[in-house]
Asks: 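Got a structure for you, questions after.
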Amino acid sequence: MKDDVTNSIMDHLSKKADISPQEIMQIANAMQQANFSDEKTVRNLVRRLGKMANRPVTKEKEDRIVELVTKKNQSMDANMLQQIFKK
């Protein structure tokens, strides 16, 4: 059952965002192991996510995301990223 749900989500993302399941797993693994207090790490993740989502991230937006994550020492979960990229 769990595998069916996972496969369904992966298929949906692949079709809607043109992101391969391998890319999704790579970024998920990177986020799990990331040090979110390290500015360089956070910038790298923001750039990768923007590129994967085919959404340009301005320098100002990148700076704001990095500050939000590193200064408040919060992890970047899916909801947080969704809100940031909507703005």
Asks: To the closest 0.5 Å, what do you measure between NZ (Lys61) and CG (Leu68)?
Replies: 12.5 Å
Asks: Once salt bridge (Lys or Arg N to Asp or Glu O under 4.0 Å) is applied, what residue pairs with a partner in residues 31-44 remain, sequence neighbours excluded?
Replies: Glu39-Arg43, Arg43-Glu62, Arg43-Asp63
Asks: Do you know which two heavy atoms are closest between Asn35 and Val42, and how far apart they sit?
Replies: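 Where Asn35 meets Val42 most closely, the heavy atoms are O-CG2, 4.5 Å.
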Asks: Let me confirm one number: the CD1-OG1 distance from Ile65 to Thr58, rounded to the nearest 0.5 Å.
Replies: 8.0 Å
Asks: Mind checking whether Phe36 and Thr41 have side chains closer than 4.5 Å, heavy atoms only?
Replies: no
Asks: Do you know the tightest heavy-atom contact between Leu45 and Ala34?
Replies: CD1-CB, 3.7 Å
Asks: Report the residues that fulfil side chain to side chain contact (heavy atoms under 4.5 Å, CB included) with Arg48, sequence neighbours left out, ordered by chain and then residue number.
Replies: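 Result, side chain to side chain contact (heavy atoms under 4.5 Å, CB included) vs Arg48: Gln26, Ile27, Ala30, Asn44.
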